[in-house]
Structures are given as C-alpha cells and as structure tokens.
A.B. asks: 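After the structure tokens below, expect a handful of questions from me.
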Amino acid sequence: MNQIRSPKGVQIRSPRGVRDILPAETARWRRFEEDFSACCKQAGYGELRSPMFEELEVFLRLGEETEVVSKEMYDFLDKDGRHMALRPEMTASAARAFIQHSPVLPWKIYYYGPQFRSERPQAGRYRQFSQAGIEVFGVSDPYLDVEVIALGWQFLGSLGLKQLTLQVNSLGDTASRNNYSEQLGRYLAQRAGELSEASQETAQVNPLRVLDSKRDQDQAVIAGAPSCLDFLEVSAAAHFEAVCNGLEKLRIPYQVNPRLVRGLDYYTHTAFEYVSQALKSAQNALGGGGHYDGLVEALGGKPVPGVGFALGVDRIFLACDSEQVFISEQSPVEIFVVDIVGGGEALSLTQQLREAGISCDRAWESRSLKAQMKIADRSGAKFALIIGSNEQAANVVALKDLRSGEVPQEDIPRDEIVLALKDRLAMEISN
RNA sequence: GUGGUGGUAGCUCAACCGGCUAGAGCGCUGGAUUGUGGCUCCAGAGGUUGCGGGUUCAAAUCCCGCCCAUCACACCA
C-alpha cells in the first residue's frame with residue numbers, strides 16, 4: 001500500500017520537469033503562436049490539431065530503438081485497458097491523421113502545442129515542452145525540402161534571432177542509408193578500442209548515433225569516420241544536390257555537416273538542424289527536421305514521402321533571451337476606474353466600457369483614493385476615470401490623463417463617457 | 001538513466017570556522033493637513049532557512065535520505 005504522506009511540511013508544487021508560464025510571460029507565448037501561424041498560413045499550410053495522446057502503437061512505429069520511444073514515453077492504460085501514450089512528438093500523429101483522412105496531396109500542415117517526454121530535466125529540456133512545426137506529405141520534390149527549411153529559417157529570423165546556423169546533411173535513400181550504416185559499423189568495430197564504453201554499445205545498436213557523441217574520447221574516431229555523403233546512390237546524391245542548390249538560390253547560408261544524424265530513425269535524404277550560437281548549453285538545437293520516406297508506410301499507409309521540421313519553443317525563448325530579442329509584454333488596459341463611493345459605480349461603468357469595446361479594470365474592497373490611484377498607475381492604463389461623491393452628485397466622471405501630468409483633469413457627463421473615451425483613445429493612437 | 005553543483009521573505013541576494021530575536025534591496029501594505037498615481041521620506045506586514053531524520057549544550061551552517069533546480073554525459077526540440 002502506498003503510504004499517505006503527511007500534508008504538513010510538504011508543499012504542493014508542479015511535478016518535476018514541468019512549469020507554470022505566468023501572465024508576465026504568456027504574452028510572448030501567445031505572440032509566438034500567432035506569428036508562427038501567420039508565417040505558415042502565408043505559405044499555404046493549414047493547422048492540424050491532433051490529440052495529445054494516441055494509441056501507443058502509433059509511436060512505437062517511430063522505431064523502438066529510439067530512446068524517445070523506448071524510455072521516455074508517458075504511457076498508460078486507459079479505463080478500457082488500451083495502451084495509450086502522451087505524444088512525444090508530432091510527426092507520428094500527423095502521419096496517422098494523414099492516413100486516417102486521406103487528404104488531397106500534397107497535404108501541408110502546421111501545428112503548435114505541448115509534447116511530453118519523461119527525460120531528466122535541464123534548462124531548455126522539460127517534460128512538457130512546446131513544439132511548433134510543419135509537415136508535408138505526398139511530394140518528394142527536393143525543392144519542397146528547401147521550402148520547408150526556408151520556412152523555418154525565415155520564421156526564426158523574423159523573431160529577431162541572428163546567431164543562427166543551418167546545418168544540413170543527407171542520409172540518402174534507404175539503400176544508401178543501410179549501406180552506409182553497415183560500413184560505419186564495420187569502421188567503428190575496427191576502432192572500438194578507442195571509443196568510450198557507451199559509444200561501443202551504441203555502435204552495436206545504431207552506428208549512426210555514434211556520430212552524435214560529444215565525448216572527447218570519441219572525437220578522433222568520429223573525425224576519421226567515413227562520410228555518409230560518399231555513400232549516396234546516384235538519385236540520392238542528385239536529391240541532396242538539388243536541396244543545396246535550392247538553398248543557394250534562396251541565399252540561405254548553410255553548412256553541410258556529414259555528422260548530423262537525427263534522433264528519430266525515420267529520416268531519409270535530407271536532415272537539418274537550426275542551431276543557436278547564443279546558447280552555451282548542449283541544448284542549442286532550436287529545431288530540426290528532415291525528409292522521411294518510410295513513416296507513413298510503417299503506420300499502415302501507402303508509401304508516401306514526407307518532410308517537416310519541429311521547433312522547440314522553450315529553447316527558442318532561451319535563445320531570444322540570450323540575444324535580447326522578441327520581448328513581449330502584457331498589454332495593459334486602456335482605462336482604470338477609480339470609485340470611492342462604494343464600488344457600485346465602478347461595477348456598472350466597467351461593464352459598460354467593456355461592452356463598448358474599451359478595455360478597463362478597477363480596484364476592489366473600497367480602497368482609499370490614493371491607493372486606487374496607485375493601482376491605476378501600476379495597471380499601465382492611459383486614463384483614470386474617477387468617481388467620488390462630487391462627481392456622483394453632478395452625474396459626471398472625472399477623466400484624468402495618467403501619462404502626462406500637465407493635461408488638466410476634466411469632468412465628463414456620465415452618459416457621454418463612452419464617446420468621449422473613444423475620442424481620446426483614437427487621438428492617442430494617431431499621436 | 002549516470003555523475004557534479006546548488007536550494008535562505010513574492011523576487012535578487014547577505015549571515016566569517018556551528019553561537020544573540022536570520023538581515024538588505026526591490027516588490028507589497030499604511031502614512032507624510034482629512035478627494036489624486038509616478039519621485040522622495042517614515043513605518044509595517046511577510047521566513048518551520050526545500051522536506052524528513054541524525055550529530056551537538058547549540059544547526060541556515062556538519063552528516064544521511066528524499067524532493068526540486070541547474071551543469072556535463074546519454075538523448076533530443
């Protein structure tokens with residue numbers, strides 16, 4: 001039996017690796033989502049909102065050798081005994097939706113939302129984290145890979161990020177990839193003695209993964225490893241060349257990194273990452289993606305190619321902080337109502353203003369005039385509307401400009417207040 | 001998952017080698033001739049020193065366990 005912990009002394013807090021995003025920060029999150037959405041729609045992508053959990057099977061098709069799938073999934077049995085999992089990424093769900101709904105090709109979708117992986121948390125690595133991404137199904141044109149890469153590049157740039165590099169690679173088609181993997185495995189086995197213990201194990205399971213190792217001990221072996229680009233079949237080499245040409249056509253700077261192997265095993269041909277130089281930590285990949293040929297088929301659909309990327313929103317914000325860009329603040333209300341005759345006037349006046357489309361707030365609990373003015377100031381409102389006994393008797397409200405100390409306070413008849421405010425606010429905007 | 005570092009008010013931090021009632025700044029609340037914010041000044045509230053146990057006359061400080069954060073690795077966005 002589980003022991004019930006004494007509630008005393010144990011403060012309830014959010015679970016490990018997840019966090020609250022408070023109002024001071026949410027403005028930026030909202031703007032990010034809106035900007036990303038606009039960027040995608042502009043390029044003909046439609047939004048996909050898929051469920052946050054799927055049958056476990058959907059994610060197992062990503063390849064059970066990947067740790068994301070084998071070790072990090074939040075899986076559970078539902079009340080009917082079905083094995084479910086919170087989505088650890090979106091591509092599998094998108095592919096599942098694609099198969100389920102048979103849309104017209106090419107199917108261009110974008111998404112935004114939380115993903116879940118039970119990893120050990122760190123800065124830029126959370127158990128619930130947000131990704132924004134796109135996927136396109138049904139086209140194998142290499143220029144589509146370029147469009148996808150360019151869209152992410154353009155979007156990251158639009159946030160104001162400058163210290164970015166784009167790394168690209170090609171693993172080739174399945175034949176090239178398998179051939180290379182085999183050769184690399186042979187090479188690593190030869191020099192196994194020089195590798196770290198962990199990498200020796202990795203080499204057995206998935207040789208490509210060793211290229212990702214950051215251990216100093218492995219670097220010499222990795223540097224001497226054969227390049228995957230030398231193993232591309234003719235058509236795969238042509239695909240990659242077209243991608244590079246396309247990037248040059250668009251004047252998008254890129255580095256070819258033959259060591260770039262991505263974590264999910266479904267990628268074939270193009271793989272890429274957007275890396276931030278502004279982040280010192282190991283979590284400096286702001287996003288990544290690539291082309292995948294086998295995923296839809298693995299999920300039981302026809303062999304349909306796909307390409308896409310995912311951006312790590314939490315990490316992008318860390319990079320933004322580091323570069324001091326894309327800083328968004330909560331927008332303040334326009335009007336603050338100060339009522340020192342009991343609060344009833346504020347109640348009806350705020351309602352009236354809001355119905356008229358004017359944003360406003362007020363104080364509570366009959367605080368003193370001074371206190372209410374202080375709150376009004378703090379609220380960031382442009383104007384305060386003051387109702388005291390004098391104003392109430394005269395059926396007016398006092399309008400005070402909080403931004404400038406010079407404009408004299410002015411009494412406005414109660415029934416003209418909405419028009420008067422719309423006037424003032426319009427003037428504010430035109431100034 | 002493995003290893004390292006850390007956790008003191010809402011926030012940022014102080015408290016030498018264990019020793020007085022655990023402090024400061026910011027923020028918050030109230031006040032400075034009784035109906036006017038910002039600047040200034042005065043005052044106040046706010047802490048089981050992450051949680052639990054141990055050592056000691058005495059623990060924020062030393063030891064152990066747990067929790068959380070953070071860094072590296074592993075992995076990934």
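Treat the numbers as computed from the prediction; the structure is a model and nothing was measured. Per chain, numbering begins at 1; letters A, B, ... match sequence-line order.
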A.B. asks: How close or far is atom C1' of U2(B) from atom CD of Glu201(A), stated in whole angstroms?
C.D. replies: 12 Å
A.B. asks: Could you tell me which nucleotide pairs with A69(B) by Watson-Crick or G-U wobble geometry, both distances under 3.5 Å, or answer none if nothing does?
C.D. replies: U5(B)
A.B. asks: Check this one for me: any side-chain N or O of Arg16(A) less than 4.0 Å away from OP1 or OP2 of A69(B)?
C.D. replies: yes
A.B. asks: Quick one: classify the glycosidic conformation of C57(B) as syn or anti, with syn meaning within 90° of 0.
C.D. replies: anti
A.B. asks: Which residue pairs pass the ring-ring contact (aromatic ring centres under 6.0 Å, His included) test when at least one of the two sits in residues 326-352 of chain A, sequence neighbours left out?
C.D. replies: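 Listed once each, the pairs would be none.
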A.B. asks: Using the C1' atom as the reference point in each nucleotide, state the distance between C11(B) and A72(B) in Å, no decimals.
C.D. replies: 29 Å
A.B. asks: Looking only at side-chain atoms of Thr202(A), point me to the closest of A77(B), C75(B), A72(B).
C.D. replies: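 Closest of the options to the side chain of Thr202(A): C75(B).
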A.B. asks: With sugar-phosphate meaning primed atoms plus P, OP1 and OP2, does Phe336(A) contact a base, only sugar-phosphate, or nothing at under 4.0 Å between heavy atoms?
C.D. replies: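 Nothing, no heavy atom under 4.0 Å.
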A.B. asks: Quickly work out the Tyr126(A) OH to C68(B) C1' distance and round it to whole Å.
C.D. replies: 13 Å
A.B. asks: Measure from OH on Tyr274(A) to P on A77(B) and round the result to the nearest Å.
C.D. replies: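 Atom OH in Tyr274(A) sits about 13 Å away from atom P in A77(B).
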A.B. asks: Tell me whether the rings of Phe317(A) and Trp29(A) are parallel (<30°), tilted (30 to 60°) or perpendicular (>60°).
C.D. replies: perpendicular
A.B. asks: Using atom C1' in both nucleotides, what's the gap between G27(B) and A9(B) to the nearest angstrom?
C.D. replies: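 The same atom, C1', in both gives a distance of 11 Å.
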A.B. asks: Within the 4.5 Å heavy-atom criterion, are Phe76(A) and Leu86(A) side-chain neighbours or not?
C.D. replies: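 The answer is yes; the side chains approach within 4.5 Å.
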A.B. asks: Reckon Arg120(A) has a side-chain N or O less than 4.0 Å from the OP1 or OP2 of C71(B)?
C.D. replies: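 No.
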A.B. asks: Below 4.0 angstrom, which residues in residues 30-52 of chain A have at least one non-hydrogen atom near RNA chain B?
C.D. replies: none
A.B. asks: Between Leu421(A) and Leu385(A), is any pair of side-chain heavy atoms under 4.5 Å apart?
C.D. replies: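 A side-chain contact under 4.5 Å exists here.
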A.B. asks: In whole angstroms, how far is the P atom of C76(B) from the CZ atom of Phe59(A)?
C.D. replies: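 Computing the Phe59(A):CZ to C76(B):P distance gives 16 Å.
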A.B. asks: Are Tyr274(A) and Phe272(A), when compared by the centres of their aromatic rings, separated by less than 6.0 Å?
C.D. replies: yes
A.B. asks: For U40(B), which nucleotide in any strand shown is its Watson-Crick or wobble partner with both distances under 3.5 Å?
C.D. replies: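 Looking at the geometry, U40(B) pairs with A32(B).
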A.B. asks: Take Ala123(A) and Ser199(A), find for each the nucleotide of RNA chain B with the closest heavy atom, and name the residue whose nucleotide sits nearer the 5' end.
C.D. replies: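 The answer here is Ala123(A).
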A.B. asks: Could you give the distance separating U21(B) and A32(B) at their C1' atoms, to the nearest angstrom?
C.D. replies: 30 Å
A.B. asks: Take atom CD of Gln219(A) and atom C1' of C73(B), then tell me their distance rounded to the nearest Å.
C.D. replies: 12 Å
A.B. asks: Which whole number of Å gives the distance between the C1' atom of G54(B) and that of C13(B)?
C.D. replies: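 These two C1' atoms come out 30 Å apart once rounded.
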A.B. asks: Take nucleotides 27-40 of chain B nucleotide by nucleotide from the 5' end and write B, S or -, depending on whether a protein heavy atom sits under 4.0 Å from the base, only from the sugar-phosphate, or from neither.
C.D. replies: -SSS-B--BBBB--
A.B. asks: Sequence neighbours excluded, which residues qualify as ring-ring contact (aromatic ring centres under 6.0 Å, His included) partners of Phe155(A)?
C.D. replies: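 Per chain and number, Phe155(A) pairs via ring-ring contact (aromatic ring centres under 6.0 Å, His included) with Phe32(A), Phe36(A).
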A.B. asks: Looking at every strand, decide which applies to Arg13(A) at a 4.0 Å heavy-atom threshold: base, sugar-phosphate, or nothing.
C.D. replies: sugar-phosphate
A.B. asks: May I have the distance from Tyr267(A) (atom OH) to C76(B) (atom P), rounded to whole angstrom?
C.D. replies: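 About 11 Å, once rounded to whole Å.
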A.B. asks: Expressed in whole Å, how much space separates the P atoms belonging to G3(B) and C57(B)?
C.D. replies: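 The answer is 35 Å between these two P atoms.
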A.B. asks: Can you tell me how far C1' in A24(B) sits from the matching atom in C62(B), rounded to whole Å?
C.D. replies: 27 Å
A.B. asks: Given that both distances must come in under 3.5 Å, which nucleotide forms a Watson-Crick or G-U wobble pair with C13(B)?
C.D. replies: G23(B)
A.B. asks: In this structure, how many angstroms lie between the P atom of C76(B) and the NZ atom of Lys71(A), rounded?
C.D. replies: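 In whole Å, C76(B) P and Lys71(A) NZ are 10 Å from each other.
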A.B. asks: So what's G18(B) paired with, Watson-Crick or G-U wobble, going by both distances under 3.5 Å?
C.D. replies: none
A.B. asks: Could you identify the nucleotide paired to C76(B), looking across every strand shown and requiring Watson-Crick or G-U wobble geometry with both distances under 3.5 Å?
C.D. replies: none
A.B. asks: Taking the P atom in each of G52(B) and U40(B), what is the distance between them to the nearest angstrom?
C.D. replies: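 The same atom, P, in both gives a distance of 41 Å.
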A.B. asks: Less than 6.0 Å separating the ring centroids of Tyr45(A) and Tyr110(A)?
C.D. replies: no
A.B. asks: With C1' as the reference atom in both, quote the distance from G7(B) to A43(B) in angstrom, rounded to an integer.
C.D. replies: 32 Å
A.B. asks: Can you tell me how far P of G10(B) sits from CG of Asp20(A), to the nearest Å?
C.D. replies: 16 Å
A.B. asks: Got a salt bridge between Arg378(A) and Asp361(A), using NZ or NE/NH1/NH2 to carboxylate O under 4.0 Å?
C.D. replies: no
A.B. asks: Would you say Asp216(A) has more than 12 foreign heavy atoms packed within less than 6.0 Å of its CG?
C.D. replies: no
A.B. asks: Just to verify, what does Glu147(A) make a salt bridge (charged side-chain N to carboxylate O under 4.0 Å, His left out) with, not counting sequence neighbours?
C.D. replies: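 Salt bridge (charged side-chain N to carboxylate O under 4.0 Å, His left out) check on Glu147(A) returns Lys108(A).
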A.B. asks: Reading RNA chain B from 5' onward, which residue's closest nucleotide shows up sooner: Glu273(A) or Ser14(A)?
C.D. replies: Ser14(A)
A.B. asks: Students often get this wrong, so: under 4.0 angstrom with heavy atoms, is Ala376(A) touching a base, only sugar-phosphate, or nothing?
C.D. replies: nothing
A.B. asks: Just call it for Gly124(A): base, sugar-phosphate, or nothing, with non-hydrogen atoms closer than 4.0 Å on any strand.
C.D. replies: base
A.B. asks: Quick test of your reading of the model: are Arg177(A) and Asp293(A) salt-bridged, counting only N-O distances below 4.0 Å?
C.D. replies: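 No, Arg177(A) and Asp293(A) are not salt-bridged.
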A.B. asks: Tell me every residue that passes side-chain hydrogen bond (donor to acceptor under 3.5 Å, both in side chains) with Arg414(A), counting only those two or more places apart in sequence or in another chain.
C.D. replies: Glu345(A), Gln352(A)
